[in-house]
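Numbering starts at 1 and runs along the sequence shown.
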Amino acid sequence: IVRAELAIEIMNQARGLVSERVAEIEAKDPTGAEELRAKRRELLSVQNRIRVGDPEQIEAVIAEWGPRVKDAALFWQEV
């Protein structure tokens, strides 16, 4: 359960990074903001698929997204 909660928190942080960027650019770049909103929905979809009974999927989310949310520059390079 703890690892699933960690994976969910990582995805929340990822969505938070995207939300911050949307807020920054939506007035100047509505198209770019909409593209980021679509990415945020994709991240939410990943988060919604996290299940306590699926440790392989949980660990995959942590391995893929954990390093990205720790480093905003890396996050934006890879997203």
With rounding to the nearest 0.5 angstrom, report the CG to CG distance, Asn12 to Leu17.
11.0 Å
Partners meeting side-chain hydrogen bond (donor to acceptor under 3.5 Å, both in side chains) with Arg3 (sequence neighbours left out)
Glu59
Check: residues 39-46 side-chain donor-acceptor pairs under 3.5 Å, at least two apart:
unit_1: Lys39; atom_1: NZ; unit_2: Glu42; atom_2: OE1; d: 3.1
unit_1: Arg40; atom_1: NH1; unit_2: Ser19; atom_2: OG; d: 3.0
unit_1: Arg41; atom_1: NH2; unit_2: Glu34; atom_2: OE2; d: 3.4
unit_1: Ser45; atom_1: OG; unit_2: Arg49; atom_2: NH1; d: 2.7

Can I get a per-line list of side-chain donor-acceptor pairs under 3.5 Å for residues 21-33, giving both atom names and the distance, sequence neighbours left out?
unit_1: Glu26; atom_1: OE1; unit_2: Arg37; atom_2: NH2; d: 2.6
unit_1: Asp29; atom_1: OD1; unit_2: Gly32; atom_2: N; d: 2.9

Apart from Val52 itself, members of its ILVMFWY cluster (side-chain separation under 4.5 Å) are Ile1
What is the minimum heavy-atom distance between Ala63 and Pro67, and which atoms define it?
O-CD, 3.3 Å
For residues 72-79, please give each side-chain donor-acceptor pair under 3.5 Å, one per line with the distance, not counting sequence neighbours.
unit_1: Glu78; atom_1: OE1; unit_2: Arg68; atom_2: NE; d: 2.6
unit_1: Glu78; atom_1: OE1; unit_2: Arg68; atom_2: NH2; d: 3.3

Euclidean distance, Leu6 CG relative to Ile50 CD1, rounded to 0.5 Å
9.0 Å
